[in-house]
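Below is one structure, written out as C-alpha cells, with a few remarks after it.
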Protein chains: 2
Amino acid sequence: MSRHLTTIIDIAKQLDISKSTVSRALTGHPNVNEKTRQRVLELAEQLDYQRNQLAISLLTNQTRTVGIMVPEFISFFFPKVIIGAQEVLAEAGYNVVICHSNESYETEVNNAKALLASRVDGLIVSHTKETRNFDHFRVFQRKGVPVVFFNRVCEDMNVSKVTVDDYDGAFKAVEHLIQTGRRRIAHLAGPDSLPNSRSRLNGYRDALRQYGIPEEPELVISYDLTLEKANIYVNHLLNLPQPPDALFAINDPTAIEALDVIKARGLRIPDDIAIVGFSNDPISAHIEPGLTTIGQPVSEIGQEAANLLMEQLLDKEENKPPRTVVLGTQLIVRGSTVRNPDNRV
Amino acid sequence: MSRHLTTIIDIAKQLDISKSTVSRALTGHPNVNEKTRQRVLELAEQLDYQRNQLAISLLTNQTRTVGIMVPEFISFFFPKVIIGAQEVLAEAGYNVVICHSNESYETEVNNAKALLASRVDGLIVSHTKETRNFDHFRVFQRKGVPVVFFNRVCEDMNVSKVTVDDYDGAFKAVEHLIQTGRRRIAHLAGPDSLPNSRSRLNGYRDALRQYGIPEEPELVISYDLTLEKANIYVNHLLNLPQPPDALFAINDPTAIEALDVIKARGLRIPDDIAIVGFSNDPISAHIEPGLTTIGQPVSEIGQEAANLLMEQLLDKEENKPPRTVVLGTQLIVRGSTVRNPDNRV
DNA sequence: CTGTTAGCGCGTTCAT
DNA sequence: ATGAACGCGCTAACAG
C-alpha cells in the first residue's frame, strides 16, 4: 500500500509538460491549448487524480469549510438545525465539519482548538450547558474567523446570533394553561446559565403576573436537564401538600419524562394535571396523550445561522456588523392540556 | 481583519531565533534549551499561536481525520453510532468529519469526493438506499485509504464491515408473533437493494417455514422506506379480504406509522393485529401501546466500526485482511404484541 | 543545542 | 500557450 496519491507532477511528467500547464488545464484556465487540456483531463481521470485540498487551503489561506458545533445530537433538534445550515452552506460551496461537545465544557474547548487548527473559515455553534467561559470562541473572533451562535448564545460576545423568541413561547404556553383553567402552574426550568432557559422563566413569570396569579416559589425548580433529575423533581412536585394542576417543562424530553411519572402514579392527564413542553419533539405527537408544546422553526434556525455566517464571510472587507435574528414560535395544542384537541398536529 | 494568523516564523523573528528551534520548542523536542523553550511557549501563548494543521497534514501525508458518512441523522440510530465511533477514534487521537448523504446517491458521491480531496485517513460509511454503484468508495481502497462499512454494507467490496444479525433478529421477531398465536403475518420489507432488508426478509421467511406456516405473497410488500408509502401499504394490507393478524415492519418508524394507521381505523392492538418493529427507537417505549421491537447494540456498532478502522490504519504495512463483525440483537416485548408485557423496557 | 535547507502539492506571478 | 520559480506553514535531515 504505497499511499502515494497522484499529483499534478505525476501527470506533468507522463505528458512531458510542466506542472503549471497541468494546473491550468485542471482548473479551467483559458490560456491552455485545447488538445493539451484534453490529454491532461484524460490522464487525470485514468490516474484517479484528486486535487489535494490541503495544499490549496494552505496556499489560499481558506478552507471553504465551516465548523458546526452542538452540545449533543441525539435529539431531533440539533441534527435538523445542522441539515438546514448545510443546505445553505453547500449551496455556497462550503463544506461542513460537525462536532459535538457532548455537553462537556472540556470537549467543547478541545473541539474549538481542533477546528481552529484545521483552519475552518467560520463557526456555527450552540454551547454546552456547562460553558461559562467563552474564551475559546473569542479566539476565533480575534483571528477574524466569524462565529454565529444559535439556540444557546453567548450574550457577551458581539457576533451574529439566531434564537427563537423563548420569552414569547413560554408566555404562550403558560397563557394557554391559564386559559384552560389551571392556577397552580409549576415550571421545571433549565439551568440559570442558559439564556434561553432564563427567557422561558421570564415568560412564565410574566404570564402569571399578567393574569394576576401569584408566583409560588415552591413550584419553580431549576435543574440540570438530565432525565434522572427531572424524574426526581416531578415526583417532588406531586408530593407537595398542594400539588400543581399544571406543569410547564423547559423542553419536551422533560415533559415526556413528567408525563410518564404522572401516568405511573395513576393521575389523569389533562384532568388532574396538564403538561406543556417546549420544542415539538417528534415523540410528542406519538405519545398518549399527545404533548402540547411550543414549536420552533428548526430547519430555519440552521438556515438563518448559515446565512448570517455567509454575510460575515463575504463581507470580509466591509466589516458588516453582526446581526441577531429572532424567530417566532407556535403553540401546538394536544391532549396533554385539553381533552379533545382540534388541531392535533 | 487582516486574517494573518501567527506562524512559527513570526515567533522566530520576534525572538531572533530560527523557526526550527521554535518548532522544536513547540513540539516538545528534547534538544532545546529549557530557557529558549520557555520564551517560545510564552510568546506563542501571548500571540494566540495555533499550529496550522493543514501544513502538517500536507507534510506528513496524513490528516489524523476520519470521515463518517451516513444516509441520514434525524433518527436516533446514526447519531448514536457516530458517537460510539467518535469515542474510540478520539481516544486514538483522530478527528472526525461527519457527512450525511441525505439518502441521495449524488450527494454521497460528492461527499466521497470532498472527503478524498480533504485527505481523510479513513472512512466509516453506511450507504444510501439508492446506491447501486460503489465506485466512489472503491477509489478510497485503491488509494490505500481504509474503508469500513456498517449497517448498510457493500457485499462486493473486500473491506471490514459491521452489521447486526438481521436474519436472526427478524427470525426472533416473527417467531415471537407465531408463539403468541398469529398465523397471517404480514411483512413490510425494505428495498431489495439493501442487504439488511434482504436478510430480514429471509429471517421472516425461514421463521414461517420452520413453524409450518405457508408464506402468502400478498402479505409481503417491499417499499422505499418513506412514511407516505408505509401509510399506503398498511391501509392496503388492512383492506385485504383476509387482513393480516400481525405485521412485522422493517424498522420502527414504519411500525409506528402502521400503529397510527391501525389505531385510527379503530382496530385494537394487539388483539386485532400485533406489530413488531426493528431497531428499538426511543419513541417505541413511549407510544401507546409500547412497540415490540428488535434491539440492536447501537453504540457498539460505532465502536466496532472504529476499532476495525484503527486495525487497518495501524497495520498499514502488514496488510491485515479486512474483518466482518456481526453483533447480536435482542427481542424487546412490549404492548403491541402482548397484553401485559412483563419486561417492559 | 541551534541554524540551514529541502520539500509536502498546489496556484500564481513573471518570463518566454 | 507554456515553463521556471516562488511561497503557503511546517517538520525533518543535515550540519555545525
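By convention in this document, chain letters (A, B, ...) are assigned in the order of the sequence lines, proteins followed by strands, and residues within each chain are numbered from 1.
Residue contacts shown for A/Ile17 are limited to sugar-phosphate atoms, with no base heavy atom under 4.0 Å away. If you check every strand for non-hydrogen atoms under 4.0 Å, B/Thr7 touches sugar and phosphate atoms only. Nucleic acid contact class of A/Asn31 (heavy atoms, under 4.0 Å, all strands): base. B/Leu54 comes within 4.0 angstrom of no nucleic acid atom, judged by non-hydrogen atoms across all strands. At a threshold of 4.0 angstrom between heavy atoms, the contacts of A/Thr60 with the nucleic acid are absent. Counting any heavy atom pair closer than 4.0 Å across all strands shown, A/Ser57 reaches no nucleic acid atom. Across all strands shown, A/Leu58 has heavy atoms under 4.0 Å from base atoms, whether or not it also approaches the sugar-phosphate. Among the heavy atoms of the strands lying under 4.0 Å from B/Ile8 is at least one base atom, whether or not backbone atoms are also near. At the heavy-atom level, A/Arg24 lies under 4.0 Å from base atoms of the strands shown. Within the 4.0 angstrom heavy-atom criterion, base atoms lie near B/Ser23.
The span of DNA chain D lying next to chain A, judged by atoms under 4.0 Å from heavy atoms, is bounded 5' to 3' by D/dA1 to D/dG9.
Electrostatic pairing of A/Glu42 and A/Arg39 does not count as a salt bridge here, judged by no charged N lying under 4.0 Å from a carboxylate O.
Ring-plane geometry between A/Phe73 and A/His100 is classed as parallel, the angle between the planes falling under 30 degrees on a 0 to 90 degree scale with a further cut at 60. Ring planes of A/Phe140 and A/Phe137: tilted class, angle from 30 to 60°.
The local environment of CZ in B/Arg138 is crowded, with over 12 non-hydrogen atoms from other residues, nucleotides or ligands closer than 6.0 Å. Residue B/Glu91 places its CD atom among 12 or fewer non-hydrogen atoms of other residues, nucleotides or ligands, all under 6.0 Å distant.
No hydrogens or angles were tested; on distance alone, a donor-acceptor pair under 3.5 Å links the side chain of B/Ser20 to the base of C/dT4.
Screening B/Glu108, B/Glu103, B/Glu130 for a salt bridge (Lys or Arg N to Asp or Glu O under 4.0 Å) involving B/Arg152 leaves a single residue, B/Glu103.
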